[in-house]
**Student:** 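Dropping a structure here in structure tokens format, bear with me for questions.
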Amino acid sequence: MTMLDRMRRHKSWLKWSLAVVAVTLTFYLGDYFRTKPGTTAGATSREVVAEVDGEDILAGDFRNRYLQQMQQYRQQFGGNTAILRQLRIEENILNSMIEEQVALREAERKGIRVTDEELAQAIMAFPVFSENGQFIGEQRYRQILQANNPPLSVSEFEDGLRRSLLVTKLRSTLTDWMAISNSDLERIYKERNERVKLQVVALTADKFRDKVSVTDADVASYYEAHKAEYRVGEQRKVKYFLLDTQAARLKVAVTPDEVQRFYDQNVERYRTPEQVRASHILFKTAGKDEATVRAQAEEVLKQVKSGGDFAALARKYSEDEGSKASGGDLDYSPRGRMVPEFETAAFGMKPGETSDLVKSEFGFHIIRVTDHKPALTRPLDEVRPQIQEQLLAEKTTAQVTRQATDLGTMKSLAEMEKAATSAGLKVQESDFFTREQPVSGLGVAPEASDRVFSLKDGEVGGPITTPRGPVFLTVTGKKDPYVPMLDEVRERVRNDVIRQKAAELSRTRADEIAAALSSARDFAAAAKAQGFEAKESQLVTRNSALPDVGISTEVDKAAFALPVGGTSGPITTADATVIVRVMERSDVNSEEFRRAREAFRADLLEERRNKFFASYLSQAREKASVQIKADVMQRIISANSAL
């Protein structure tokens, strides 16, 4: 029985707190409305990416999260694929999904359930699903879910929401006992909000490198004292053959009929619903006298109607903290995303028009529509290149995967070489590499490196996922860990000696000038007289980057212990010796702390609860049986690499 049935029967909702859930739901619904499991490039939606204690994580769910994350990172890093691969996005996403499944298993183990009443109350927590405190009704509920791109069924939405609530209830069960004393709260608040403005003289080791002389005896002595630092771990080399995805791609074609068929079957992807762009000035009524608020809103409305600057008035009067800084702009929204009264007014206006006062559950709104876009379906010719790329990637991945599967199991190097020859592929041999180094010819392929060091003598591993495609390999050489002779690492040792001696010189020089800087009336002038530059910071909190220093707990500790005008002694950091003078302090006063106390307590508790919960899930995961289907993951990632 769905929540629609429960709502029709007007069941009363349980009164447990949704304070934490509200945040989770807002994030969850946003993500869920953006994508939903469907046809998965390179793998069917129902294929299994991983199993957690027998429970499946499906390819459709993984792909949706993967594409969302890739889109965000591409906005940050542009088209730099190398950076995206270094971030190991797919591994991080799969880990988060595994931890989510672990959490669901833990909730089940502890007997935690989400009742239908709790689920219904959670649905009602979304303003879009309620009107004047009442459920909007079955028809509008379904319409809102169907209006998403792609459409979302009631069962899909409610099942996902129930899972989210289960994780939230587990977290609450495990962390609601946590508390923070007033004394700890005040101490931490001060540590995070005290600020200082500094003059910084950083005597970096690099500035003294040209003053250092190093003899062969110095190098030999340093090497003898630090041999363990130059130890080389176990090394292996392999013979392998690669099913190169890019090479296979050149032999794949996509026909116009295939593009047309994909477009017809997925036309919802290319539909944009009717949207309106509006700005508003909000006057909240919660906890206030409504007549007084209305009078204030009407006065501002008069200013707007008489030609006042809407954006300036929004910045001055609006109580919507999320939009007031941008002049009240709410960006584009389709139907179903705004409270009903606001939506009716906004979609009933033309660009440039301003509403009278509109009353909603949040208060009074003055609305101005700035643009109105009709519903639109992008034509095939516009999206043809995108579809061609996707189909090309899917067909390439499917072909390579079939080929890897057809090659079957190989039990020796001879069988591997025979299989490669029959497939028209070349067997190559790598150089020696450690577990932390890339396999020459394959690039950064952590899974391949890990597998190599677990293979038995003569064993063939594969297919193994790499950025270039599936690979089969076997170990052909091993080197045990060893400490290299000095001649093998002489230049590296010499550089380490230079760095050490330069750091010693920086500390000695800092000791020499510290007294002069400490007693100087003009810190910057005194530093210049000694041949160094005093650079000024902004007002900064602890753990902020400082000029020529970066983030340094040693400098923070010294700087925040000084009064205004105080000068530190030489402070040793990883890369420099630093002297600072405090130009200005911004301390936390008792009134400021009093105003912020409860909000900060809530934030700090949330932070600590999240940390505790993450640690709990990490331990629970270690006890769980987790199996990852690397071949399915690779097909999804390869198929979407061109998107």
Side-chain angles (χ1 to χ4, degrees), residues 22-36 64 67-76 78 125-131 136 140 143-152 268-284 297 300-301 304 308-378 382-383:
V23 177
T24 305
L25 295 185
T26 301
F27 174 77
Y28 170 80
L29 189 60
D31 276 353
Y32 210 88
F33 274 4
R34 279 191 288 272
T35 58
K36 120 186 193 311
N64 284 330
L67 291 179
Q68 290 170 23
Q69 195 67 68
M70 285 294 286
Q71 183 177 7
Q72 293 175 20
Y73 280 128
R74 279 176 177 139
Q75 290 173 352
Q76 287 180 267
F126 292 97
V128 71
F129 296 138
S130 65
E131 186 173 332
I136 58 174
R140 286 181 61 191
Q143 286 175 343
I144 290 171
L145 296 179
Q146 284 293 309
N148 288 279
N149 185 16
L152 189 63
E268 285 293 336
R269 295 188 185 188
Y270 310 109
R271 286 179 181 158
T272 302
E274 180 187 13
Q275 297 180 81
V276 67
R277 183 167 192 166
S279 299
H280 79 146
I281 304 173
L282 172 64
F283 301 86
K284 293 181 178 179
V300 176
L301 179 61
V304 173
D309 186 324
F310 190 96
L313 291 169
R315 283 190 286 268
K316 183 176 180 180
Y317 292 108
S318 181
E319 295 180 273
D320 178 6
E321 296 300 326
S323 69
K324 68 181 297 181
S326 58
D329 181 35
L330 298 170
D331 210 340
Y332 287 97
S333 293
R335 293 184 185 274
R337 298 293 176 87
M338 300 172 280
V339 290
E341 302 87 351
F342 193 108
E343 180 177 293
T344 299
F347 277 91
M349 296 160 59
K350 297 177 181 178
E353 290 184 343
T354 302
S355 72
D356 293 324
L357 294 186
V358 175
K359 178 69 167 61
S360 79
E361 63 189 88
F362 298 107
F364 293 101
H365 308 260
I366 302 172
I367 305 170
R368 172 166 290 179
V369 170
T370 55
D371 195 14
H372 195 148
K373 292 181 177 180
L376 176 68
T377 299
R378 296 167 68 188
E382 182 180 331
V383 297

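Just so it is clear, the model here is predicted, and its values are computed rather than measured.
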**Student:** side-chain hydrogen bond (donor to acceptor under 3.5 Å, both in side chains) with Arg315: which residues, sequence neighbours excluded?
**Tutor:**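 Residues passing side-chain hydrogen bond (donor to acceptor under 3.5 Å, both in side chains) with Arg315: none at all.
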**Student:** Determine whether the side chains of Ser355 and His365 contain a donor N or O and an acceptor N or O closer than 3.5 Å.
**Tutor:** no
**Student:** For Phe283, give me all partners under ring-ring contact (aromatic ring centres under 6.0 Å, His included), at least two apart in sequence or on another chain.
**Tutor:** none
**Student:** Determine whether Lys324 and Lys316 make a side-chain contact, defined as any pair of heavy atoms from C-beta on separated by less than 4.5 Å.
**Tutor:**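 Counting from C-beta outward, Lys324 and Lys316 never come under 4.5 Å.
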**Student:** Given the rule in the side-chain contact (heavy atoms from CB on, under 4.5 Å) test, do Asp320 and His280 qualify, once you have shown the distances and angles that lead to the verdict?
**Tutor:** CA-CA 9 Å; Asp320 178 6; His280 79 146; 2.8 Å; yes
**Student:** Does any non-hydrogen side-chain atom of Phe310 lie less than 4.5 Å from one of Asp329?
**Tutor:**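 With C-beta onward as the side chain, the pair stays apart.
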**Student:** Once you round to the nearest 0.5 Å, how far does CZ of Phe364 lie from CG of Leu301?
**Tutor:**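 Result: 11.5 Å between the selected atoms.
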**Student:** Below 4.5 Å, heavy atoms only, C-beta onward: do Met338 and Leu330 meet side chain to side chain?
**Tutor:**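 Answer no - side chains too far apart.
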**Student:** So how far is it from Asp371 CG to Tyr332 OH, rounded to the nearest 0.5 Å?
**Tutor:**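 Result: 3.5 Å between the selected atoms.
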**Student:** For Pro273, run the side-chain contact (heavy atoms from CB on, under 4.5 Å) check against Pro334, Ser333, Pro374 and tell me which one passes.
**Tutor:**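 Answer after filtering Pro334, Ser333, Pro374: Pro334.
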**Student:** Is there a side-chain contact between Leu313 and Ile366 (heavy atoms, below 4.5 Å)?
**Tutor:**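 No, every pair of side-chain atoms sits at 4.5 Å or beyond.
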**Student:** At their closest point, which heavy atom of Gly327 faces which heavy atom of Ser279, and how far apart are they?
**Tutor:**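 Taking every non-hydrogen atom into account, O-CB, 4.1 Å.
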**Student:** Would you indicate whether Lys359, at its atom NZ, is surrounded by more than 12 heavy atoms from other residues, nucleotides or ligands within a distance under 6.0 Å?
**Tutor:** yes
**Student:** Please set out all donor-acceptor pairs under 3.5 angstrom arising from side-chain atoms of residues 339-347, sequence neighbours excluded.
**Tutor:**
unit_1 : atom_1 : unit_2 : atom_2 : d
Glu343 : OE1    : Gly336 : N      : 2.6
Thr344 : OG1    : Pro340 : O      : 2.9

**Student:** Does any N or O in the side chain of Thr370 come within less than 3.5 Å of the main-chain N or O of Arg277, such that one atom is a donor and the other an acceptor?
**Tutor:** yes
**Student:** CE of Met349 to CD1 of Ile367: how many Å apart, nearest 0.5 Å?
**Tutor:** 6.5 Å
**Student:** Kindly compute the distance separating CZ (Phe129) from CD1 (Ile136), expressed to the nearest 0.5 Å.
**Tutor:** 6.5 Å
**Student:** Using 0.5 Å steps for rounding, measure from the CD atom of Glu268 to the OG1 atom of Thr377.
**Tutor:** 8.0 Å
**Student:** Which is it for Val304 and Arg368 under the side-chain contact (heavy atoms from CB on, under 4.5 Å) test, yes or no, and what are the steps along the way?
**Tutor:** CA-CA 10 Å; Val304 173; Arg368 172 166 290 179; 3.7 Å; yes
**Student:** Got a donor-acceptor contact below 3.5 angstrom from the Ser318 side chain to the Leu282 backbone?
**Tutor:**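 Looks like yes, one N/O pair under 3.5 Å.
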**Student:** How long is the straight-line distance from CD of Glu353 back to NE2 of His372, given to the nearest 0.5 Å?
**Tutor:** 11.5 Å
